[in-house]
Amino acid sequence: MKNPYAGLYEVTEVHNLRDVIKKRLKEFPENPVFLEKNKRGGEYVPISTEKYDHDIDSLGTYFMNTVKKGARIAIFAETRYEWYTTYLATTNGTGCIVPLDKELPVDDVINMVTRAEVEILVFSKSKLDIVKQVYGKVDSVKYWICTEDLKDERFLYYQDCLKQGEAKLEAGDKIFTEATIDPEEMTILLFTSGTTSKSKAVMLCQKNICKNLMSMFSMLYIDRSDVWLSVLPLHHTYECTCGFLGQVYRGTTVAICEGLKYIAQNIQEAKPTCILMVPVMLELFYKKIMKNVNSDPKKAKKLQTGMKLANALHLPLSIRKKLFKQIHDVFGGRMRLIILGGAPVNPEMLKFFQTIGFKCVQGYGLTECAPILALNRDKFFKNHAAGLPLPGCDVKILDPDSDGIGEFISKGDNNFLGYYNDPENTALALDKDGYYHTGDLGYIDEDGFCVITGRKKNVIIAKNGKNVFPEEIEYLLSLSPYVAESVVSGVHDEVADDIVITATIFPELEEIKAKLGTDSEPTEEQIMAVLKQVVSETNEKLELYKKIRKTVLRMTEFEKNTSKKIKRY
């Protein structure tokens, strides 16, 4: 392989998030920054960069006339225009933004808002029931701002705050627009997923974000006319940096998805060219496509022939889009780039979408890295790899074993500042040389690509002392159409004094019914018979100490966090 960093794309230099919006306003004023719906099921309405910039300055002016500089402002809402304005109205002069998971229960909201010492809580009407139970229980919160007018004297109305700030701005108030921004000061505080007692508060600065944006977009080509559909939760740094701030930075447009169940509909309406997904979402599209194709032997044969032809003749993407037009129509007809992150991706699924004419790549990130650490390029990529370390990131393998596998550690301007009010965990995560210990295990191949084998905390130590990576076995199980989800764990057998590799499997019932040739619900005995065959075939690919020795049937989906990751414990 040639130098995988050859031909990096030119990017605009930015030092803080005010630069991000102001340079966009100067360079690409004609591009709408968002496409929003004023009502459920309505048409998408463009929001200009000029309006967005003005609303940021107006809201920021209100904030800075209401609280002292450096105040903590939390957002508790679904993805919406007010979320985007609140974020930059806070970071671009006011203080520190605290994005909250919109699915948090009452106790977690109270805990996180208290820990972050939040002074202003901006929330949407959909969160009102939770907010009413939080109200009065957090001493630090002085102002409660709702995105809709509730006619409730306890709460301020977002539009009123915006108008007050706008009036001051037009009267010459420059308290926000000329506020100093220290790019190395904490202005983003993000809570990691997990139980309240275990969640850490990650401190990020604008230097972290800006360096990440510049490095990330030097590796992938983004056209100014691109339209992105935002489908992932905005409180998560993956979507926030890569699906919001990145689009503001590059001059593209974000279409706001109305919710997970509206993805297919919104794709047809917005006709996006790019999208960020987690693997489970792409798997749903893949299964829908294959179910349609396999329902007709002629369709299945046509697809297989077309894919063989596309690969053999190295057809350009433009031809592939025509050859597989029906599948491209499922994605709105204009989709060109699909970026995956948040979990391992089946390489065969990536290959499928690449073959039919999509640029489809995966990346690797962590909240502590703001978030991207490695990314596959559109020019140079390996489907089994998490990607190349971003330019400016020094990535190493700590204490590699005989196979070259060890823990990924990284050092660079995207490394976080530490965990808020948590020096003990900060010291464990950031060593004396400034390297962040990711907790992920893997190796760096001969071309510099990072290949992840599993999480350090998930590793099962076999009786012979060797490491068993659950993710490797789960990936092999996922290749079966009869497995919807699985979690592999090591269970200690006290009688044998041994570790038993156990696979807990949630089956794909429709596929099992098709295999059994029945429309009725299969019995647990029938399902287990199919799964045991799957396990037997999987074991043939594994070394003796990695083999699954116990299979457990689970008839409900595994519990997941809002990033669609299975909660393993």
Side-chain angles (χ1 to χ4, degrees), residues 277-291 293-294 338-356 358 360-364 376 382-387 440-442 451-455 458-460 467-490 501-515 522 527-543 546-561 563-569:
M277 287 187 178
V278 290
V280 67
M281 290 181 176
L282 192 62
E283 285 169 9
L284 291 174
F285 277 100
Y286 176 75
K287 287 177 180 179
K288 179 181 177 182
I289 291 165
M290 295 312 295
K291 183 177 182 180
V293 167
N294 292 330
I338 301 171
I339 303 175
L340 296 150
V345 187
N346 182 339
E348 293 303 314
M349 189 171 67
L350 286 173
K351 180 65 176 174
F352 171 82
F353 282 100
Q354 290 160 358
T355 298
I356 63 175
F358 296 94
C360 193
V361 298
Q362 66 173 317
Y364 163 51
N376 278 282
K382 293 187 178 183
N383 288 337
H384 69 280
D440 288 314
L441 300 173
V451 180
I452 298 172
T453 54
R455 284 289 288 169
N458 295 339
V459 168
I460 302 164
N467 291 337
V468 178
F469 302 106
E471 294 88 349
E472 175 192 0
I473 303 172
E474 290 161 4
Y475 161 66
L476 292 174
L477 289 170
S478 75
L479 298 178
S480 168
Y482 310 117
V483 175
E485 298 172 351
S486 69
V487 168
V488 172
S489 58
I501 304 299
T502 302
T504 303
I505 300 174
F506 171 53
E508 191 67 71
L509 286 180
E510 290 303 314
E511 292 290 341
I512 289 178
K513 285 195 285 187
K515 177 180 174 61
I527 296 170
M528 279 298 290
V530 174
L531 295 183
K532 284 183 177 179
Q533 180 61 36
V534 170
V535 168
S536 177
E537 292 169 359
T538 300
N539 279 341
E540 290 176 9
K541 305 171 187 176
L542 295 167
E543 296 170 74
K546 296 180 180 178
K547 292 185 186 296
I548 300 167
R549 291 164 54 192
K550 183 179 180 181
T551 305
V552 176
L553 175 62
R554 180 186 174 100
M555 294 305 292
T556 57
E557 287 187 36
F558 287 94
E559 186 182 0
K560 301 178 186 68
N561 61 25
S563 299
K564 302 303 175 185
K565 290 182 183 178
I566 291 174
K567 294 183 178 180
R568 302 184 73 93
Y569 303 107

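- Residue pairs meeting the salt bridge (Lys or Arg N to Asp or Glu O under 4.0 Å) criterion with at least one partner in residues 469-486, sequence neighbours excluded, are Glu472-Lys546, Glu474-Arg568, Glu485-Lys560.
- Ile527 CD1 to Phe506 CZ: the interatomic distance, rounded to the nearest 0.5 Å, is 10.0 Å.
- With sequence neighbours excluded, the residues that form a ring-ring contact (aromatic ring centres under 6.0 Å, His included) with Phe285 are Phe331.
- Side chains of Arg554 and Val487 form no contact here, defined as non-hydrogen atoms less than 4.5 Å apart.
- Of all heavy-atom pairs spanning Gly490 and Ile460, the tightest one is N-CD1, 3.4 Å.
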Legend entry - Leu477/Ile548 under side-chain contact (heavy atoms from CB on, under 4.5 Å): CA gap, chis, key distance, verdict: CA-CA 11 Å; Leu477 289 170; Ile548 300 167; 4.1 Å; yes
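- For Lys291, the side-chain contact (heavy atoms from CB on, under 4.5 Å) criterion is met by no residue, not counting sequence neighbours.
- Under a cut-off of 6.0 angstrom, the local environment of NZ in Lys547 is crowded, with over 12 non-hydrogen atoms contributed by other residues, nucleotides or ligands.
- In this structure a side-chain-to-backbone donor-acceptor pair under 3.5 Å is present from Gln354 to Cys360.
- Residues that satisfy the ring-ring contact (aromatic ring centres under 6.0 Å, His included) test with Phe469, not counting sequence neighbours, are absent from this structure.
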Legend entry - Test log, rule side-chain contact (heavy atoms from CB on, under 4.5 Å), inputs Met555 and Leu509: CA-CA 9 Å; Met555 294 305 292; Leu509 286 180; 4.2 Å; yes
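- In this structure, Thr453 contributes its side chain and Leu441 its backbone to a donor-acceptor pair below 3.5 Å.
- For the pair Val483 and Ser478, the minimum side-chain heavy-atom distance is 4.5 Å or more.
- Using a 4.5 Å cut-off on side-chain heavy atoms (C-beta onward), Leu542 and Ile501 make no contact.
- Of the inter-residue distances, the one linking Lys351 atom NZ with Asn346 atom CG reads 13.5 Å to the nearest 0.5 angstrom.
- Gln362 CD to His384 NE2: the interatomic distance, rounded to the nearest 0.5 Å, is 9.5 Å.
- You'll find the side chain of Val468 reaches within 4.5 Å of the side chain of Ile473, heavy atoms only.
- The shortest heavy-atom contact between Ala385 and Val451 is CB-CG2, 4.0 Å.
- Heavy atoms only, all atoms of each residue included: Met349 and Tyr286 are closest at SD-CB, 4.1 Å.
- In this view, Glu348 satisfies the side chain to side chain donor-acceptor pair (under 3.5 Å) rule with no residue, not counting sequence neighbours.
- The ring-ring contact (aromatic ring centres under 6.0 Å, His included) search around Phe558 returns none, not counting sequence neighbours.
- Between Asn376 atom CG and Leu350 atom CG the span is 8.0 Å, to the nearest 0.5 Å.
- Nearest heavy-atom pair, Met281 versus Met277, reported as atom, atom and distance to 0.1 Å: CB-SD, 4.1 Å.
- Between Leu282 and Phe352, every side-chain heavy-atom pair lies at or beyond the 4.5 Å cut-off.
- Once rounded to the nearest 0.5 Å, the distance linking NZ of Lys532 with CG of Leu553 reads 10.5 Å.
- A heavy-atom distance below 4.5 Å is not found between the side chains of Asn383 and Val345.
- For Pro279 against Gly341, the heavy-atom pair with the smallest separation is CD-O, 3.4 Å.
- Pro507 and Ile512 make their closest contact through CB-CD1, 3.7 Å (heavy atoms, listed as atom of the first residue, atom of the second, distance).
- Taking 4.5 Å as the limit, some side-chain heavy atom of Tyr364 sits within range of a side-chain heavy atom of Asp440.
- Using a 4.5 Å cut-off on side-chain heavy atoms (C-beta onward), Pro481 and Glu508 make no contact.
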